[in-house]
Structure formats: structure tokens, C-alpha cells
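Only one structure is covered here, and it is reproduced in the block below.
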Amino acid sequence: MTYLQRSSARPILTDLAPEVVRLLAESFDAYGLEVIVNGEPLRWDEITEVEVAKAARALGPAGWIVRHVVHGEERYHVGIYAGSREQIIPNISLEATRAILSALAYYAPRPIHYIGPADLVPLTS
């Protein structure tokens with residue numbers, strides 16, 4: 001199994017692009033006691049898994065325009081699973097995805113199983 005590698009460096013979220021800081025302020029807040037995703041608190045001892053998936057885009061000219069003109073980059077969905085509950089942060093940038101994964105790796109008191117692209121954050125087995 002693959003897990004997020006624990007980090008001893010606190011993530012500095014204020015150095016991110018303004019739109020990423022705004023998105024995180026609205027959708028994600030991690031701290032010592034819990035993580036709040038979309039207004040829903042999830043205790044660290046309940047979180048078992050995080051999954052990252054590339055956001056699907058329509059094929060053809062419309063999909064190309066959305067990917068390259070509207071967003072300008074690939075987009076991702078981040079799912080955080082705590083027991084039978086799940087919270088999804090949809091359609092976010094690579095920078096926001098990495099910020100969320102870095103915060104999870106820093107604050108989580110135990111390993112969190114990771115499913116997704118291997119090149120986004122440090123991982124361990």
C-alpha cells in the first residue's frame with residue numbers, strides 16, 4: 001500500500017496564488033485537532049484514505065477549450081475518506097491539490113493511504 005509520507009515542515013499556504021488561497025479558505029482547513037472539508041469536520045483518527053483523480057474533460061474542441069483556455073492546466077478532484085464518510089474537493093488546480101496533500105501529510109498523526117498520481121507529493125510504502 002502507498003501512503004502519504006509524513007512531513008515535518010509546516011505547509012505555508014500564504015505563498016500560494018491568490019485564487020488557491022481563496023479556494024482553501026472556502027473548502028479546506030487542516031489543524032492539529034481535525035481537518036474541515038467543505039464545512040464538515042473530520043477527526044484525524046477517522047481519516048483512512050485520500051484519493052486524487054484527474055478531472056475528466058470532454059473530448060473534442062469544447063474539451064480542449066476548457067482545458068487550455070478556461071483553466072490553462074489539468075484539474076484534479078481530491079477525496080478524503082473517514083470511515084463511511086467522504087468529502088470531495090472537485091475541479092482544483094495542481095497547486096491547490098499539492099497544498100492539500102502537504103497539509104494532510106503534516107498534520108495527520110498516523111499514515112494516510114494514498115491513491116492517485118505518484119508524482120504529486122512524497123509517498124512511502
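Here the structure is a predicted model, which means the values were calculated and not measured. Positions are given from 1 along the sequence.
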(message) Could you report the tightest heavy-atom contact between Ala30 and Trp44, atom names first, then the distance?
(response) CB-CZ2, 4.1 Å

(message) To the closest 0.5 Å, what do you measure between CG (Asp45) and CZ (Arg110)?
(response) 6.5 Å

(request) For the residue pair Tyr31 and Ile36, establish whether any side-chain heavy-atom pair is separated by less than 4.5 Å. (result) yes

(message) With a 3.5 Å distance limit and no angle check, can you tell me whether Asn38 reaches the backbone of Ile89 through a side-chain donor-acceptor pair?
(response) no

(message) Please tell me whether Tyr81 and Tyr3 are part of a single hydrophobic cluster in this structure, the criterion being side-chain heavy atoms less than 4.5 Å apart.
(response) no

(request) Please report the shortest heavy-atom distance between Gly79 and Ile88, naming the atom on each side. (result) CA-CD1, 3.5 Å

(request) Check the surroundings of atom CZ in Arg10: do more than 12 heavy atoms from other residues, nucleotides or ligands lie under 6.0 Å from it? (result) no

(message) Would you say that Tyr107 contacts Val35 through its side chain, given a criterion of any heavy-atom pair below 4.5 Å between the two side chains?
(response) no

(message) Counting C-beta onward and ignoring hydrogens, is there a side-chain heavy-atom pair between Leu104 and Ile80 closer than 4.5 Å?
(response) yes

(request) Over all heavy atoms of both residues, which pair between Pro117 and Val52 is shortest? Give the atoms and the distance, please. (result) CD-O, 3.5 Å

(message) Is the shortest side-chain heavy-atom distance between Met1 and Ser125 below 4.5 Å?
(response) no

(message) A side-chain contact here means heavy atoms from C-beta on lying under 4.5 Å apart; do Leu4 and Leu123 qualify?
(response) yes

(request) Of all the heavy-atom pairs spanning Arg85 and Pro41, show the shortest one and how long it is. (result) NH1-O, 3.5 Å

(message) Looking at every non-hydrogen atom in both residues, tell me the closest pair between Gln5 and Ala105 and how far apart they are.
(response) O-CB, 3.3 Å

(request) Under the side chain to side chain contact (heavy atoms under 4.5 Å, CB included) rule, what do Arg98 and Leu94 come out as? Steps first, then yes or no, please. (result) CA-CA 6 Å; Arg98 283 188 170 141; Leu94 175 61; 3.7 Å; yes

(request) Please determine which of Val50, Leu101, Thr48 meets the side-chain contact (heavy atoms from CB on, under 4.5 Å) test together with Ile112. (result) Val50

(request) To the nearest 0.5 angstrom, please state how far the CD atom of Glu86 sits from the CD atom of Glu40. (result) 11.5 Å

(message) Assess the residue pair Ile100 and Ile92 against the criterion (side chain to side chain contact (heavy atoms under 4.5 Å, CB included)); give the C-alpha distance rounded to whole Å, side-chain angles, the decisive distance to 0.1 Å, and a yes or no.
(response) CA-CA 10 Å; Ile100 289 169; Ile92 60 175; 3.7 Å; yes

(request) Could you tell me the separation between the CG atom of Leu23 and the CZ atom of Phe28, rounded to the nearest 0.5 Å? (result) 10.5 Å

(request) Go through the structure and list residues passing side-chain hydrogen bond (donor to acceptor under 3.5 Å, both in side chains) with Glu49, not counting sequence neighbours. (result) His113

(message) Looking at every non-hydrogen atom in both residues, tell me the closest pair between Pro11 and Ala103 and how far apart they are.
(response) CG-CA, 3.6 Å

